[in-house]
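These notes are about the structure you will find just below.
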Amino acid sequence: MLREELIFVGTCDIAGHVRGKGFPASELPSRRKKGIGWTHSNLMQTAFGPIYDTPFGTGGDLMIVPDPSAELRVDFADGSAPEHFFLGNIENTDGSPWECCPREFLRRAVHALKEASGLELIASFEHEFVYTGNEERPGDAYSLGAFRRQGVFGESLVAALRAGGIEPDSFLPEYGPRQFEVTVKPEPALKAADQAVITREMARAAAFRLGHRAIFSPMPVADGVGNGVHIHFSLRDASGAPQTYDPAGPLGLSQAATQFAAGVLAHLPAIAAITAPSPVSYLRLTPNRWAPTAIDIVKQDRGAALRVCPVFAASKKKDIAKAFNLEFRVCDASASPYLALGALIFAGADGIARKLVLPEPEGAAQPLPRSLSQALDGMAKSEAVASWFGPTFLEAYLRHKRSELAHVAGLEPPELCARYAEIY
Ligand code: GLU
Ligand code: MG
């Protein structure tokens, strides 16, 4: 068949979807600068597609400009069109960053952390999802049988990640029926978020080519097992030396890491609306699912909002410090990785700037927001979040999410989960 290669340039938006436009690959040289045309109200496209509400109207022009460091070209070698896309920055027509660009939000957060502490953060997103190509069998949690019966999907996903310049770390059958998990090596914040977007897309791309789907919805089935996105992170200084570990500190955390974690906990009532941004996110954040329900930090506990992770097979302080990391578990794949990681970093940077301390371990931890609506109220009244977003982006975010909530108001959990399983 006659074919000409196409390239797509996109952003991962408020809904956590990658949206943009395509062009012939031969046009890339000119598209590197002018990108593709976009408009302000594109930001208001909800998870379901339609724009239910927008402060921007129909006017205005923007561009999504491809970032050369976020190019992916993977040929699955099955005759299908190669996956060739760039993640990009949303810019005004004069080339300045648009204030509501998700990647720019993360860049601002990285800058805030540097200003507050001189430190940078490295992160890795751990993704859980349901692969529909595996049948559901009782007893299959973590089983070799489930691992085998997914066929070549896992190998195809891992190969696609590697071909895309991402270093895979693990691929495993998870606890839930047909549920799998993929993890990759840590990278500096912006790259880690790009890789999170790409990881989701490669799982979808591999599944698509096998006639199936990878479903990342936080709760594909009501009362089922949740799909979490766990953000592992650690701090390092300008020389690259790890700065998260101090055996004498609380929970083994350095002073900077303690303050960072305290900032995250302090802002969780507001940032949950960004990291767990769909109504079904709050069906996942319920007891006995290895998902968090409270605003807490605990050593090696999978039910905590912040888990202090174990270090395996290391006894020297230097080796422990290198591997030591925290895991933020109040996140799922309905969130844009740029916004989720940006919010986490802004919150942590504020903790360092204000020298916050961790809550008393004996005290009862505050509950996490119980619904998206409660989380959005927390976000709306946070002065800190307002300063990170700026007035335009904040209003857009709140209107976007509230219009999504209004759209699904009245749906009972089974139907709600079914709707979100269709789109994530
Ligand atoms: N599925 C759990 C979640 O929703 C996490 C399970 C695990 O710790 O691997 O976060
Ligand atoms: Mg897991």
Side-chain angles (χ1 to χ4, degrees), residues 1 3 5-8 10 12 16-18 22 25 70-87 124-187 192 194-221 224-230 232 332-333 337 420-424:
M1 186 182 289
R3 281 170 52 176
E5 184 158 334
L6 294 170
I7 297 179
F8 189 90
C12 183
H17 290 327
V18 178
E71 177 180 10
L72 178 116
R73 189 182 183 286
V74 173
D75 188 344
F76 279 77
D78 61 346
S80 65
E83 293 281 333
H84 195 174
F85 62 82
F86 284 80
L87 299 169
S124 164
F125 287 66
E126 194 174 283
H127 279 97
E128 294 171 340
F129 58 90
V130 165
Y131 174 54
T132 61
N134 203 342
E135 86 211 56
E136 217 172 295
R137 280 198 199 172
D140 250 358
Y142 298 105
S143 83
L144 177 60
F147 192 62
R148 179 184 304 123
R149 284 199 319 281
Q150 50 78 27
V152 297
F153 167 76
E155 291 196 347
S156 174
L157 170 56
V158 164
L161 292 174
R162 203 180 295 285
I166 297 177
E167 230 185 303
D169 177 66
S170 65
F171 171 81
L172 56 129
E174 253 286 351
Y175 183 68
R178 311 193 293 174
Q179 191 184 33
F180 291 85
E181 174 177 310
V182 65
T183 65
V184 303
K185 296 279 163 63
E187 293 286 355
D194 283 337
Q195 294 197 345
V197 176
I198 292 170
T199 299
R200 292 176 196 175
E201 291 305 319
M202 287 305 97
R204 291 178 172 128
F208 168 75
R209 283 167 175 78
L210 292 163
H212 289 286
R213 285 191 63 209
I215 299 175
F216 286 85
S217 172
M219 204 64 178
V221 181
V225 174
N227 286 323
V229 170
H230 306 151
H232 289 260
D332 62 62
Y420 279 87
E422 261 167 29
I423 56 173
Y424 284 115

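Positions are given from 1, in the same order as the sequence printed here. The structure presented is a predicted model; accordingly, all values stated were derived computationally and were not measured.
- For the ring-ring contact (aromatic ring centres under 6.0 Å, His included) criterion with H212, the lone passing option out of F180, Y131, F153 is Y131.
- Shown here for G228 and E128, the closest heavy-atom pair between the two residues is N-OE1, 2.8 Å.
- In plain terms, the two heavy atoms of P220 and V130 that are nearest each other are CG-CG2, 4.1 Å.
- Rounded to the nearest 0.5 Å, atoms OG1 (T132) and CZ (R213) are 7.5 Å apart.
- Once rounded to the nearest 0.5 Å, the distance linking CZ of R137 with CZ of R178 reads 13.5 Å.
- Between the D194 side chain and the A70 main chain, no donor and acceptor come within less than 3.5 Å of each other.
- Here the CD1 atom belonging to I166 is positioned 10.0 Å from the OG atom belonging to S124, to the nearest 0.5 angstrom.
- Of all heavy-atom pairs between E136 and P177, the closest is CG-CB, 3.1 Å.
- Side-chain contact between P82 and F76 is absent, with no heavy atoms from C-beta onward closer than 4.5 Å.
- H84 and E71 are linked by a side-chain donor-acceptor pair at a separation below 3.5 angstrom, with hydrogens and angles left out of the test.
- Applying the salt bridge (Lys or Arg N to Asp or Glu O under 4.0 Å) test to residues at least two apart or on different chains, the pairs with a partner in residues 150-171 are E167-K185.
- In this structure, the side-chain contact (heavy atoms from CB on, under 4.5 Å) partners of V158, at least two apart in sequence or on a different chain, are P168, F171.
- For the atom pair I215 CD1 and I423 CD1, the distance stands at 11.5 Å (nearest 0.5 Å).
- Among residue pairs with one or both ends in residues 143-154, those qualifying as salt bridge (Lys or Arg N to Asp or Glu O under 4.0 Å) are E135-R149, D140-R149; sequence neighbours excluded.
- Contact of the P337 side chain with the C12 side chain is registered, since non-hydrogen atoms from C-beta on lie closer than 4.5 Å.
- Under the 4.5 Å side-chain criterion, counting only non-hydrogen atoms from C-beta, N227 is not in contact with D332.
- Side-chain atoms of R200 and V229, non-hydrogen and from C-beta on, do get closer than 4.5 Å to each other.
- In this structure, the salt bridge (Lys or Arg N to Asp or Glu O under 4.0 Å) partners of R73, at least two apart in sequence or on a different chain, are E5.
- Looking at residues two or more places apart in sequence or on another chain, you find a side chain to side chain donor-acceptor pair (under 3.5 Å) between H232 and E126, N325, E327.
- In this structure, L87 and I198 have side chains that are in contact, with non-hydrogen atoms separated by less than 4.5 Å.
- Using modelled atom types and a 3.5 Å distance limit, the side chains of R209 and S80 yield a donor-acceptor pair.
- To the nearest 0.5 Å, atom CD of residue E83 and atom CZ of residue F208 are 8.5 Å apart.
- The distance between the ring centers of H230 and F125 does not fall below 6.0 angstrom.
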Pair E174, V225 - check side chain to side chain contact (heavy atoms under 4.5 Å, CB included), show working. CA-CA 10 Å; E174 253 286 351; V225 174; 5.9 Å; no

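- Y175 OH: 12 or fewer foreign heavy atoms inside a 6.0 Å radius.
- When all heavy atoms of A160 and M202 are compared, the closest pair comes out as CB-SD, 3.9 Å.
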Check the pair Y424 / F216 against ring pair (Phe, Tyr, Trp, His ring centres under 6.0 Å), numbers first and verdict last. CA-CA 5 Å; Y424 284 115; F216 286 85; 9.3 Å; no

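- Under the rule for a side chain to side chain donor-acceptor pair (under 3.5 Å), D75 has no partner lying at least two apart in sequence or in another chain.
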Given side chain to side chain contact (heavy atoms under 4.5 Å, CB included), test F85 with I7 step by step and report yes or no. CA-CA 5 Å; F85 62 82; I7 297 179; 5.6 Å; no

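- Not a single donor-acceptor pair under 3.5 Å links the side chain of Q195 to the backbone N or O of P186.
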